[in-house]
Amino acid sequence: MDLTYTGEDLAFQNEVRAFLKENLSDELKRATDKTTTVFVEKDVAEKWQQKLYEKGWLAYFWPKEYGGT
């Protein structure tokens, strides 16, 4: 099994890191620190989901015309 990353893998890794650095604000980090589950307050979840939507990652497996990538 070859577990080395391809150039495409590394490019996507860099894209995700850049996206998180730009969009995962201190406010969102603090809000998620206050919960013991994957569920956060509705307003916090909506802010994060909006950022994912704008990037095209909210429903990445959907066709582009419906919000996918």
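Computed from heavy atoms alone, side chains included, the values below leave out hydrogens, waters and symmetry copies.
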Query raised in the report: Should Leu10 and Leu20 be counted in the same cluster of Ile, Leu, Val, Met, Phe, Trp and Tyr side chains packed under 4.5 Å apart?
Result: no
Identify, with sequence neighbours excluded, every residue that meets side chain to side chain donor-acceptor pair (under 3.5 Å) alongside [X].
| X | value |
| --- | --- |
| Gln50 | Glu54 |
| Glu22 | none |
| Glu15 | Lys55 |

Report task. Determine whether Leu24 and Trp48 make a side-chain contact, defined as any pair of heavy atoms from C-beta on separated by less than 4.5 Å. Result -> yes
If you round to the nearest 0.5 Å, how far is [atom2] of [Y] from [atom1] of [X]?
| X | Y | atom1 | atom2 | value |
| --- | --- | --- | --- | --- |
| Phe19 | Phe12 | CZ | CZ | 10.5 Å |
| Thr32 | Glu41 | OG1 | CD | 12.0 Å |
| Leu52 | Gln49 | CG | CD | 7.5 Å |

Requested in this report: Please report the closest heavy-atom contact between Thr4 and Asp9, naming both atoms and the distance.
Outcome: O-OD2, 4.5 Å
Requested in this report: Applying side chain to side chain contact (heavy atoms under 4.5 Å, CB included), run through Leu3 and Met1 and close with a yes or a no.
Outcome: CA-CA 6 Å; Leu3 298 177; Met1 178 183 285; 3.5 Å; yes
